Protein chains: 2
Amino acid sequence: MVQPKEDRRIQRTRQSLSTALLKLIEERGYDSLTVNDITEQANIGRATFYLHYEDKEQLLLESLEDMFSQLGDSIAPTAKVTGEHNSITATRLVFQHFADHHRLYRVLLTEKGAVMVFTRLLKILSQVAEQDVILKDVEQPKTGIPTHLVAHYVTGAILGLIVWWLNNDRPYSPEQMAVIYGHLMDPGATKVLGIAGAQLPDLSDVLSKR
Amino acid sequence: MVQPKEDRRIQRTRQSLSTALLKLIEERGYDSLTVNDITEQANIGRATFYLHYEDKEQLLLESLEDMFSQLGDSIAPTAKVTGEHNSITATRLVFQHFADHHRLYRVLLTEKGAVMVFTRLLKILSQVAEQDVILKDVEQPKTGIPTHLVAHYVTGAILGLIVWWLNNDRPYSPEQMAVIYGHLMDPGATKVLGIAGAQLPDLSDVLSKR
DNA sequence: AAATTTATAGACATAGAGTTCAATAAAAAA
DNA sequence: TTTTTTATTGAACTCTATGTCTATAAATTT
């Protein structure tokens, strides 16, 4: 499992397997795929698979790891800008990422087994919550709330939006979603994804655009 | 698979299987469990399992369904109260539910395979977000944002908190979490889980209590 | 008690996982 | 180019778990 990345064959094999897996997931879901399916799609011997990965889950994890770092890389530069800044950018890039890979993520976020519990909980709690959903007011003073907790709160909220967005065939653009998110997180409108930023566009303008 | 719920043996068998599965999940995780493990723990013949369920996933789904409706039932009465109302109650009940079954949910929300993607994404995005996390201000005007979208936003946020809470051994009580959530969702403090309600307790008071 | 339904153990067929190995192909080094 | 090293391959093989079936036993209902 420890590989000297030099040899081209290794890189090609791994690349092929990753590509094959992601393609198959979009077409047929993840759970039902066998190692044989993947190696066949990749045109690679089944024995070869085990020279590189322990099981299909490890392959998936490494493949996703690549995608996640792509996402991280695209956000990083915007996050480093301090002070005045177009705050929607970072959030928009997040939604853009999920739009770019929407078929894949829709499977992974929806499929039984894979994320079944998250989705299931979302659905159930949504029903309870959406009965009397109202929004919120007022301002946020400095609090003693742990940073990690807030981060989970924020990312949970975004993931919630993304699941909705993907399951509803993305009726808004990534830009619109970013603005919506900004307004939800900060009804008065100033900071998005925790990054200090400029004024948010007027919400009704944005929603009517499409 | 269609059962006349009358016969006591059926109820006992199903109950035993459900209990056995949930217990085993807490002890050994979900993925590695076999049907044989479950029936052995339940003291039931393996063939009997298949008289009731197609596979272990279906058993899990039905078992969780029971738990979810328990949760729904406990929240329902508080949600029906309109107007003035102790708004923390509903949220507190949600956290209480996860506390009651924390071992189980911790596995289900953390284990590879099961909810791996959600957890993984949470972790990655958290790292990006928590670098410059700041909070928000101002008030929320009436918007044209779809209700379902808001519901997903809200429940995503709660799930994010819950994942953090469970993975950090619940350093706060359900009550405290409810207050924290209320302050995050509504920095000025008024409505929680979308339910119109009374004033939130002062945050610094609540956090220092334990 | 009789009739009906469910539980059970054990046997069976099947699929897919994961390993091994000798032969071959391809890449890197000389 | 030649040599050397390394990766790929397919086939055979073991193993584990799934899912089904049948005849028998046990519990439940009427």
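Numbers restart at 1 for each chain; the letters A, B, ... are given by sequence-line order, proteins then strands. Keep in mind that what you see is a predicted model, and the values were worked out from it rather than measured.
- An angle of 40°, rounded to 10°, separates the two end axes of the helix from C/dA1-D/dT30 to C/dA30-D/dT1, each defined over five pairs.
- A donor atom on one side chain and an acceptor atom on the other are found under 3.5 Å apart for B/Thr34 and B/Asp37.
- Considering only residues two or more places apart in sequence or on other chains, A/His97 meets the ring pair (Phe, Tyr, Trp, His ring centres under 6.0 Å) condition with A/His101, A/Tyr105.
- Here C/dA17 presents its P atom at 13 Å from CG of A/Asp31, a figure rounded to the nearest Å.
- No side-chain N or O of B/Gln70 forms a donor-acceptor pair with one of B/Ser74 less than 3.5 Å apart.
- Across the protein-nucleic acid pair, A/Glu57 atom CD and C/dG18 atom C1' stand 16 Å apart, rounded to whole Å.
- The pair A/Arg14-A/Glu62 meets the salt-bridge criterion, since a charged nitrogen lies less than 4.0 angstrom from a carboxylate oxygen.
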5' to 3', nucleotides 20-25 of chain D under a 4.0 Å protein heavy-atom cut-off (B base, S sugar-phosphate only, - none) gives BB----
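- Place A/Ile44 and B/Leu33 on DNA chain D by their nearest nucleotides, and A/Ile44 ends up nearer the 5' end.
- Along DNA chain D, the nucleotide nearest to B/Arg12 and the one nearest to B/Thr34 differ in position, and the one closer to the 5' end is contacted by B/Thr34.
- Between the side chain of B/Arg106 and the backbone N or O of B/Leu166, at least one donor-acceptor pair lies under 3.5 Å.
- When rounded to the nearest whole Å, the span between CZ of A/Phe49 and C1' of C/dG16 equals 13 Å.
- For A/Thr48, no side-chain nitrogen or oxygen approaches OP1 or OP2 of D/dA7 to under 4.0 Å.
- For the pair B/Phe49/B/Ile44, no side-chain contact is recorded, criterion being any heavy-atom separation below 4.5 Å from C-beta on.
- One side chain, B/Gln96 or B/Asp100, offers a donor N or O that lies under 3.5 Å from an acceptor on the other.
- Counting only N and O atoms by type, the side chains of B/Glu65 and B/Ser69 include no donor and acceptor under 3.5 Å apart.
- Remark: B/His52 is not in phosphate contact with C/dT6, judged by side-chain N or O atoms under 4.0 Å from OP1 or OP2.
- Here C/dT6 presents its P atom at 6 Å from CG of B/Asp7, a figure rounded to the nearest Å.
- Judged by distance alone, the side chain of A/His102 and the main-chain N or O of A/Phe98 form no donor-acceptor pair under 3.5 Å.
- The distance between atom CD of B/Gln11 and atom C1' of D/dT29, rounded to the nearest whole Å, is 14 Å.
- Rounded to a whole Å, the CD atom of B/Glu6 is 14 Å from the P atom of C/dT4.
- Rounded to whole angstrom, the span from the CD1 atom of B/Ile10 across to the C1' atom of C/dA7 amounts to 11 Å.
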